[in-house]
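So the structure is just underneath, and the comments pick up after that.
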2 protein chains.
Amino acid sequence: MTRNKKVTSYDVAREAGVSQSAVSRVFRPGLSVSQKTRDKVMTAANAMGYRPNAIARMLITKQSGMVAVIVSSRANVNYPEVLSQVSKQLAARNKRVLLFTLDDAEGLDDLFEQIWTFQVDGVIALAAHFESEKLAQFEQHKIPVVLYNRNVPGAMANTVCCNHEQGIKQLILELEQSNPKNYLVLSGPKDSDVANERREIALSLLKQFGAKDVSVLFGDYSYQSGRDCLAQWLEKNPTPDAVICSNDTMAIGVIDEARDNHNIHIPNDMSVVGFDGITSSAWKSYQITTIKQPLEQLVKAAIEMLLEHIENPDSPPESRVLTGALIKGNSVKRI
Amino acid sequence: MTRNKKVTSYDVAREAGVSQSAVSRVFRPGLSVSQKTRDKVMTAANAMGYRPNAIARMLITKQSGMVAVIVSSRANVNYPEVLSQVSKQLAARNKRVLLFTLDDAEGLDDLFEQIWTFQVDGVIALAAHFESEKLAQFEQHKIPVVLYNRNVPGAMANTVCCNHEQGIKQLILELEQSNPKNYLVLSGPKDSDVANERREIALSLLKQFGAKDVSVLFGDYSYQSGRDCLAQWLEKNPTPDAVICSNDTMAIGVIDEARDNHNIHIPNDMSVVGFDGITSSAWKSYQITTIKQPLEQLVKAAIEMLLEHIENPDSPPESRVLTGALIKGNSVKRI
DNA sequence: CGCAATAATGACTTCGAATGCAATAATGAT
DNA sequence: ATCATTATTGCATTCGAAGTCATTATTGCG
């Protein structure tokens, strides 16, 4: 019978005729308890519907068993999947996710307050932008952090990231096969670190490849911005041979706009590549050539790294870069 | 200067020359503290980098300030958006989200254990299937629950749900305009409550409308299952006049399959409707006629309801049904 | 200026489990 | 059977903030 009032270890102890310490020991793994006591306690506990109070445990052990996951609202379409993976993999390690959503830099101080007060064991930040000053705060509070999909070169931070350079290079190699005369680079927003990185890498690689006619436009990662940017570009310019989009969603927008309003045929009139490998990039109507991020491995790496630093707070910062897979779709002109 | 070791209210009290109680009062809103004391405490607290320990607070106040959000892995594409909304709106009410992902019925007992031990203030379940026996457990533990997008007729449960009946009726009205000779209903998986509800409503309404030739196929809510179901159907049957899909994702699959492998023209040869109003349903290549779920309002309702029941545990169960908006796309034949 | 009413303060207890330590029981060796 | 080990057990304390209550400082008002 489950009682109405909360059952504590003292209640169970009384019922089982043992001390509160005994009850506590039964519910902690690996402690010395005789089989007899264990049975008495378990019987009483089950009868009374007792569950140890995690809050009290956290207070005394100074381990909350919670990991703060910060999701920027700018997070890309993959993040739900990432989030679900994170939650699952942490659950397997007996930790839970305390979720925080970050809208803008405004809420940052407030968010940090929350994180300190909740004494989380660690933090995973999904594509959020932190000044290194913020990172230093984590250091001070001795809370391990892993930045997901953000490379902070030279910074003392744990990062897990998809290899943008290698991915974009593969995409450009695909595009180069048909010798495009000119390139349009459709970047994500200027205040996104990932967007900036992808754009700069693309520009620098294009230069290496000897591409001369390269233009840049800025979208905001959304479908509509893909459409708008292309429309705006075509007002004053001819159809570009190749469009490099900083994510798949914009690539989809570009393709729809091209077909819908400008009668441009993909890939013969114009090649388009994306990045991320979101589900819809593979849909028949788009079939985008893109780089698929190795989500599961990225998450796995992030979590391993975090746990390592939780268990061993002095281990040095680490960066892991994983390689994405080139998905050959049907959005790039073949020769 | 932020000290390395954790700063407690006692440390601040000593530094500020006041009692620990005083420090506590300063950090609780609306308590009687003189300006002088407040200043002394705040100065010391800031200098030492003190933040109240939320864990200790939870223990004494018996309010964790956390709401468990259970996301079924079967959750539809909207859920990231929902989750983000939930997190934001709860944050505004000074509560945080403890995230749990539910893979299958297997993990359910374990999940419940977690929920009891963490003493959450309430639970929001996104599209998860709970037996009423499970719901009773929440009752026993006195933890308020709100079921999102799940209608449990007759059950003593708080539910927030989109009006499926009204939405599907509107969709059928759209379809009826071109007098389809036959209908194909593409249902979601049999073990999904929402899928079953949508299918049964569609069938019952079609009967009311006098439709005679109605067939049912079962998919799993995925793009690929939309494609597969249509392909399989067309092996032995002629092109249906109208396809009612239980969600937008399958509708997209159906459209792609029709165009790609069967040279069926949408909407002239075949009308397709979806449900949910996911982002991609509005993309130019699909432009599905669908019902857009009022996400923000649904979430708002769910949270209001939950908070009401947290504050007033004896308020009776409530069900709110919100109406979705008909999106007239371009996937239904006009006369 | 005096007294009542109110505001501010600190000492002490509480929440519920975990743990160091000392006491006791069980086991083994001789 | 005796003593040394080792395994169990319970007592008392701890974690850090919040709240109760009695005490002291302030304020208002006649």
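Every chain is numbered from 1, with letters handed out A, B, ... down the list of sequences.
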Under 4.0 Å protein heavy-atom contacts per nucleotide of nucleotides 11-23 of chain C, with B for base, S for backbone only and - for none: BB-BBBBBB----
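Among A/T61, A/T117, A/I55, the one residue that satisfies the side chain to side chain contact (heavy atoms under 4.5 Å, CB included) test with B/I55 is A/I55.
A salt bridge is defined here as a Lys NZ or Arg NE, NH1 or NH2 lying under 4.0 Å from an Asp or Glu carboxylate O, and B/K134 with B/D109 meets this definition.
Here the side chain of B/N312 pairs no donor or acceptor atom with the backbone of B/E308 at under 3.5 angstrom. Of the possible donor and acceptor atoms, none in the side chain of A/D39 sits under 3.5 Å from a partner among the backbone N and O of A/K36. Not a single donor-acceptor pair under 3.5 Å links the side chain of A/D121 to the backbone N or O of A/V67. Side chain of B/R96 to main chain of B/N94: a donor-acceptor pair is present (N/O by atom type, distance under 3.5 Å, no hydrogens or angles).
B/F100 and B/F118 have perpendicular rings, their planes meeting at more than 60° on a 0 to 90° scale where under 30° would count as parallel. Below 30°, between 30° and 60°, or above 60°: for A/H141 and A/W116 the angle between ring planes is below 30°, a parallel geometry.
Only B/V33, B/S34, B/T37, listed by number, bring a heavy atom of residues 33-43 of chain B to less than 4.0 angstrom from any atom of DNA chain C.
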Pair A/Q293-A/N149, side chain to side chain contact (heavy atoms under 4.5 Å, CB included): steps then yes or no: CA-CA 10 Å; A/Q293 295 205 42; A/N149 234 350; 3.1 Å; yes
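Between its opening and closing five pairs, the helix from C/dC1-D/dG30 to C/dT30-D/dA1 changes axis direction by 20°, a value rounded to 10 degrees.
The number of heavy-atom neighbours closer than 6.0 Å to CD of A/E296, taken from other residues, nucleotides and ligands shown, is 12 or below.
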